[in-house]
Structures are given as C-alpha cells and as structure tokens.
Amino acid sequence: MGQQGDAAKAKDTAAKDTAAKDTGGSKGGSKGRTGAGGKAPGKDTGKDTVITPRAEDYSQWYLDVVRAGELMDYAPVRGCMVIRPNGYGIWEALQRDLDRRFRETGHENAYFPLLIPRSFLAKEAEHVEGFAKECAIVTHHRLKTVERDGKTTLEPDPASRLEEEYIIRPTSETMIWHMYGKWIDSWRDLPLLLNQWANVMRWEMRTRPFLRTAEFLWQEGHTAHATRDEAMQETRLILDIYRDFCEEILAIPVVQGVKTESERFPGADETFCIEAMMQNGWALQSGTSHFLGQNFAKAFDVTFQNKEGEREHVWASSWGVSTRLIGGVVMTHSDDNGLVLPPRVAPLPVVIVPIYRKAHEKEAVMVHADKVAAVLKDVGLRVKIDDRENMKPGAKYYEWERRGVPLRIEVGPRDVKNDGVMSVRRDNRNKEPMPLAGLAEQVPALLDCIQRDMLERARAAREERTGDVATLDELAERLEASPGWYRGGWDGTPETEAKVKEVTNATIRLIPLEGSEPDGRKDLVSGKDAKYTVVYARAY
RNA sequence: CGGGGUGUACCUCAGUGGUAGAGGGGUAGCUUUGGGAGCUACCAGUCGCGGGUUCGAAUCCCGCCACCCCGACCA
C-alpha cells in the first residue's frame, strides 16, 4: 500500500481480487522472493531488499538495485517516483558538470512556465501528433468541498473551469518559441542560446524508475540561429558535449549517430543521439540533440532582419538529457551486490569505517579516522566516517556497497599501529593497504583509476556484445542467443525498418556518425544494396 | 491499450469461515565489533475500498480501485 495511498481510498467500492482469481492457479509462488513475481514493491528503507541476481531476472535486478541503493522510492502518484538523497545527489553531480560545459560554450540558463496554453501545442503539426497522446491537462483552478454519501470530499469547482486549458509541459519548444518571437527581431539578437533545468510530464503507459517516469527532470536547451549551418553546428556541438560527459563523468561509453525518420523527435528535421549499451545488451538512448530546421520558427512566426535588411525565419536546435541517465549509470556499472557508482558522480565517493573492540581501541581508532578524513577533505573529497555504534563493520560494508560508494576505507587497531588504512574498491573489491602519509595523493589517484577502469570495463562489455549480421534470420538468431548490438545493412526504407522490428523486436538504434558506409552490405530484409550500415538492437 | 500478477504491521510474506500471525525492521537495555551480531522487553494492522452471504468473513460471492511485471508506444 505504500503507493496506493490516499487516492485509492478516495471513494469507490471494493472487493476481492476478481481478476486475480480468474486467471488464478498459475504458478502461485514460483518466484518466492521479494517483489519478483508481481507483488507491488512498497516503500522500504532499502536496508533489507534482496537483490535478484542479473542472470536470474535482469529487470528485477535493476528494480532491486535502485531501491536497495536508496536512489528512489515509489510515490503515491501513478508513474511517479521520489528521488531520494542518494539518487538526487547523482543528479546534482551530473547537473553541476553539464551546466559548466553549457556555460563554457556560451549558453545561459533561464526558466519557462510549467503550464502551456493548449493552443500552443497545436501549432506545429508533427509536434502535436507526437505529444498529444501523453499530456496531462489542467482544466480548473479551484476546488470546493462537497458532501457525498455523508462524507466530505473535494471536487473541481465547475465555476472555475478554465476557458483555455493548460497542458503540463511534455517539453517546452512551444512556450519557448512563443517567447523567442518576442525577443528576436534582428540578426544582432542571434544566436540565442538558452537552457533550462526543469521537470516535464509525459503520461507514459508503462513506467520504470528513472528510465521512464511520468514526471522526470531534465535539461532542455533551445537555440536560435541566423543560418542553417550555425544551427547544425550547434546541434553537433551539443552531441559532442553529451558524449564527452557520458564517458568522462558517467563512465558510460556511447555511440553517436542519427535517428531514422521513425525515431525522430516530432518537429525535428534531424535527430542526433547518443546510445549506450546496458549489461543485458539492450540499448539506452542517453541523450538527443535535434536540428529543428525552421519548423518552430515558421509555426510561431519567428523572423529576424538579416544584414541585407530582409526578413528570414530563424534556424533552431533543441537538446536534452534527463534523469534517465541515472538509470543508465545503474544498468551500466552495478553488480549483483548492488549499486556501483563512478567516483565522479557518487554523492559520497569515500566512506570511512572504523573498527574497534575495547574502549581504548575505539578512542585511538576514532582519532585516526578523523585524521584520515581531514586529509581527504583537504584535497576536496566528500568523506563520511560511519561511526554508528549499533552496527558491526560487516553490516556497514554491506550497506555502503549497496549504496554504491566507490571507495571504502577501513580503519582499525592494526591500521593505527601501522599508521595507515585499508582501502577497498567497490568496483572490483580489490583491497590494499595505504600509508597515511600518501593518502592525499593515493586516494584521488585510486578514484581516478576506478573511474577509468569502469569506463574501460563498460567499453569492453559493449564490444563483446557487438557484432555483424547479414540477414534478418541471422539477426533474429543472434539476438536470441546473445542480446546485443548488431551492425547490418539498411536500404533506407521505412518498410524494411518496420519489418525488422516486427520480426525481432529490435529497432535501428542509429545510423552511426562513424562507420555508416554501406561497405557493400545488403539490406537485411530486401536484400537490396544497403544505403547505410546501421546498428540494430532492442532498446529501453 | 493488450497479457500476466499482487493488495494483511515500516518491509517481505504466511494465514480455505471461529480471539490478527511470522521473519526482518524500529525503540530501550546489556553483551558485542577486521564481511549482514546475540539475548531480553517493547513498538507496530479498520487485513486496498463498497456491498452481499453468514450466528460469525482477511478467508466465500458481486462490484470497484490501486500498484507491479511483460508487450505495443515514447527520453
């Protein structure tokens, strides 16, 4: 009941699980462990969630890891989650770094309203098509209490019905282009390079923590330019920023490419993307950068006067990454013991666990631990000493592992005597002693090493699951035997693209920026000469 | 929207018509502390909601609701 909360109780009736009964009989407790099978996970502290091994059930593993790592909890609102401090800390770290990159390339932050007049969304034909089905709508601005069956409830006050409803933004192009129309008049007003950090809402049919939630956090950049080339350059610049960011900060290797028309953002002329491979071989679209052409400028009639005194429609880009990246981090690096975070986005990169038996040991150990913490804080690291009295060290190890802390430092009587510490890496569990004297250099170096190793490990895992196929049958077989990314020929028609999807459930993830030459390949379906080499894979 | 499931304590669940349970958790105390500590006591539930059947319903019947998982659609 964690998540059904009050809404459920509001009214109605009830009874027994009719539906459950009808279909019943089927394997009662076959799974027999937490959450598997179909029991709705509720709120828990994360302290006692059993983590299903990846090999047993990958998507259950993912759900277990995000909860055991205390990244999120289910909210009492359909498809929505609470991002807990350990998860929000990742978002903040990621935000800090990306924001710096945006500023360094000339962008500024701004904020636009959550609510968008309904008519705005209708102005760009493809855009409406793309988003209309998943919008939440605000229809009233006031509630009133009413008596119903002897109970007092709240209902929208009919008198407060809005003349024009508002849409809760699924993305802000329309609002932003409305405003750009007011701000852009001359070539001197261009380029206009804005970004906003915001929440958006898309009423998705099926949600998954971080990967797809009804409400999510993201940044959306919206730029306006005088020429096509400039707008395209901007689109590509951002794509490079996204790639570098994912690889350097999240330790997620990505491939850059272009989406096919069927996967293109509604309203874009071209959608560029970065795709990452998760440990189960599926692809995760991790960021998109759209070349919008003049579509929104035309829909909102945004023109400028060029140096020759003529009026032209402006050229545009938009781009974004979301809290989905957190799901990508989890699925790329974590293991059967729980979360594994790259040091650069870990809310807590280092935890110190003191170990002692007697009172006099405790005193010496705590003094030592404080010394260690001071050294690390001095070099700019966030550190925590886990001085909880009621837990034994083993229990603390267990907990910090599940929370993904990259480096654990153990400090016990032996370490006091040796004037050193024991360090234990989360990513590979390597344990090594370190002298106190060298900590200021060794710990940051070790964290960098972990960061690099995680990226390389992820890259190696991706390469291992990447291959080439020549026919549809071969693709289907290979995907069945070993889910992954398969390069193959595509003749460029929507028909063969759709056929592949129908047969294999895999889609064209992208036409890679590098290596999309047909190279003599044939289309998997039609057998005609390929126009491109593309990457086929199952995707989230 | 199709298919499959689940709603009982903070969590995971057991409970086929007769006093509401277990394990974990939390609180307090004592003993512990180099990989999930032990003992004692305590805390904790309108059994998702509304009806019905019955002397009696968590349990049987009817009607709902919510959530989770798998698809289709999307970041």
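First the proteins, then the strands, lettered A, B, ... as listed; each starts at 1.
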Among the candidates B/C73, B/G71, B/C70, find the nucleotide nearest to the side-chain atoms of A/Trp282.
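So the side chain of A/Trp282 is nearest to B/G71.
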Self-check item: Side chain of A/Ala395 - closest among B/G34, B/C69, B/A37
Solution: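 It is B/A37.
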Are OP1 or OP2 of [N] and a side-chain N or O of [X] less than 4.0 angstrom apart?
X: A/Arg402; N: B/G35; result: no
X: A/Arg208; N: B/C69; result: no
X: A/Thr323; N: B/A75; result: no
X: A/Lys392; N: B/G34; result: yes
X: A/Lys501; N: B/C73; result: yes

**Message:** Looking at every non-hydrogen atom in both residues, tell me the closest pair between A/Ile252 and A/Val329 and how far apart they are.
**Reply:**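 Where A/Ile252 meets A/Val329 most closely, the heavy atoms are CD1-N, 3.7 Å.
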Note to self: Using Watson-Crick or G-U wobble geometry with both distances under 3.5 Å, which nucleotide pairs with B/G35?
What the structure shows: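 B/G35 is unpaired by these criteria.
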Is there a Watson-Crick or G-U wobble partner for B/G7 with both distances under 3.5 Å, and which nucleotide is it?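 The answer is B/C65, by the H-bond criterion.
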Q. Do you know which of A/Leu237, A/Ile274, A/Val254, A/Thr288 makes side chain to side chain contact (heavy atoms under 4.5 Å, CB included) with A/Tyr242?
A.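 Answer to the side chain to side chain contact (heavy atoms under 4.5 Å, CB included) test with A/Tyr242 among A/Leu237, A/Ile274, A/Val254, A/Thr288: A/Ile274.
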**Message:** Can you tell me how the ring of A/Trp218 sits relative to the ring of A/Phe216, calling it parallel under 30°, perpendicular over 60° and tilted otherwise?
**Reply:**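 Rings of A/Trp218 and A/Phe216: perpendicular, as their planes differ by over 60°.
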(message) Check this for me: does any side-chain nitrogen of one of A/Glu401 and A/Arg429 sit under 4.0 Å from a carboxylate oxygen of the other?
(response)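 Salt bridge flag = yes for A/Arg429 with A/Glu401.
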